[in-house]
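Inspection log for the structure reproduced underneath, given as structure tokens.
Note that the structure is a prediction, hence the values are computed from the model and not measured. Proteins get letters first, then strands, A, B, ... in listed order; numbering begins at 1 in each.
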Number of protein chains: 2
Amino acid sequence: MADTPNRSVVRAFTIVDELSENGGGRASELATRLEMPVSTVHDYLQALVDTGYVTVEDKVYRPSTRFLEVGHRQRHRFEVVKAVRDELTAVAEETGEHVTLLIEENNQAVILAVQEGSEAITLFAYPGARMPLHVTAPGKAMLAHMDPERVESILDRDLVEITPQTITDSDVLLEQLESVRERGYAVDEGERIAGMVCIAAPVLDKRGELRGAICVCGPESRLDEARRAEIADVVKRAANVTQVNLDYV
Amino acid sequence: MADTPNRSVVRAFTIVDELSENGGGRASELATRLEMPVSTVHDYLQALVDTGYVTVEDKVYRPSTRFLEVGHRQRHRFEVVKAVRDELTAVAEETGEHVTLLIEENNQAVILAVQEGSEAITLFAYPGARMPLHVTAPGKAMLAHMDPERVESILDRDLVEITPQTITDSDVLLEQLESVRERGYAVDEGERIAGMVCIAAPVLDKRGELRGAICVCGPESRLDEARRAEIADVVKRAANVTQVNLDYV
DNA sequence: GAACTCTTTCGGCTCTCCCGGAAGACGCTA
DNA sequence: TAGCGTCTTCCGGGAGAGCCGAAAGAGTTC
């Protein structure tokens, strides 16, 4: 944690972030948005283009496919992605819903794989999509198996409210985590997306280390008590099989 | 094209590249490989971690899932990805082979989507994977519809030989491009991967602008003359449907 | 063709990156 | 446990590189 992290590096990635959020932009646009001199932004964009991580076309700059490349290469190195693969499709087939594999990174839940069942709702879910831990079933599933100190430090911060259902009381969350450990799965009811219910089970390896979570999402209307129980079983089984695969590899 | 592109930016991404290639590394490792002082590398790594684009665990640094995020967001903005979606699965089902969608970026062919048929050979193909244009069917399909001046400048450079079959003679390539335009599809026979045949059709929009290429790859043994012709038809149809979808959107 | 906007170039001042050196952390061996 | 080797982390002063104002160039609009 240096006092002053290399400013150029930070600025470069700030520009990348800005480009990514808006899907691209022109030098002057960025300059105003980031409150930097145009010439400075211009210099950075040149440098970024030089590296190949940004492309220009008609003065519009965009993140290049290099990001995909680096991202996917890295993704392949997560053993859990391979270990879960068949189970993910199996779960999608059995439930017909939207199924994802997530991991925890920097106190956030990040999607690594998506598999859509036949009835799956179209969600804005893609590899790399991230969300706070406390607002989702997979997040809670993972929190339940993280180091208590880290959990505490995470819950101590502002628990952002994303929907009216989002749980922002850390005591309530701690109770839920306890129940996750007992039942082996977590549920969220419209806590991240209104009207959407998610059921998730944590994936642990034989040493008990957290490796991710498998999550099924569907519309409230379709998921009554009985169906939720069914899905919970499917998800738990998938997590279990994945663990076995992990330990084999 | 500034004379001296911001050194910090270039260095930062050099480090990212190195991390990506080796799937992560320690400060001292990078320092030796990149021939930089350890302390310098350390400073950069700190800054990169600060941005969230690199993570550390047990002193091992890795590109974070941010790259996936940026990459995928950008991918979604390519209309051709949506336009081709159903066709890609259709082609995979019909042929049973390995099907990909590629685009051209910075004089390279880049995979944007992969769909594996039931018999598909396992290829090291993932979104973001890149390859020279002249060594692949999709590359040739795209070259055939690029600005002649650009084509010339690309073919004028060193035509890297990847397999003994790779075509490194620009005149031969130019002839092939002509035939691609006539027939509507391109073929490569072990020019990128020995023993592998690929058949690809370019995707153009109504203005005739190049938007990408659809590619089917399979083992030589399975693809005799007749089957190649079949696949060529399937691929051409898929490209055509995609064009229609594109023009609709 | 004048006025405006946005991109690109230029260059000198100043700030910040750079890296040697040293301290600290960790692991290994005896 | 002490001692040694390796790696990470911290520190600070010098010099080189980034920064940005200003102006020129490119492209558009009316």
Check: A/Phe13 ring centre within less than 6.0 Å of A/Tyr44 ring centre: no
Every protein N/O within reach of nucleotides 13-15 of chain D N/O, cut-off under 3.5 Å:
none

So, does B/Thr14 use its side chain to make a donor-acceptor pair with the main chain of B/Val10 at under 3.5 Å? yes
Is any NZ, NE, NH1 or NH2 atom of the basic residue among B/Arg181 and B/Glu178 found under 4.0 Å from an Asp or Glu carboxylate oxygen of the other? yes
Side-chain N or O of A/His42 closer than 4.0 Å to phosphate OP1/OP2 of C/dT8: yes
With a 4.0 Å cut-off on N to O distance, would you call A/Arg66 and B/Glu105 a salt bridge? no
Side-chain donor-acceptor pair present, B/Asn6, A/Arg11, cut-off under 3.5 Å: no
Value in whole Å for how far the C1' atom of C/dT5 lies from CD of A/Glu29: 13 Å
Please encode protein proximity along nucleotides 16-25 of chain C as a string of B, S and -, counting only heavy-atom distances under 4.0 Å. SSSBBB----
B/Lys236 side chain to B/Arg183 backbone, donor-acceptor under 3.5 Å: yes
Check whether any side-chain heavy atom of B/Leu45 lies under 4.5 Å from a side-chain heavy atom of B/Val56, and answer yes or no. no
Whole-Å distance between D/dT8 C1' and B/Leu30 CG? 13 Å
Between CG of A/Asp58 and P of C/dC6 the distance, given in whole Å, is 16 Å
So if I apply the side chain to side chain donor-acceptor pair (under 3.5 Å) rule between B/Thr65 and each of A/Gln108, A/Arg130, A/Arg75, which one comes out positive? A/Arg130
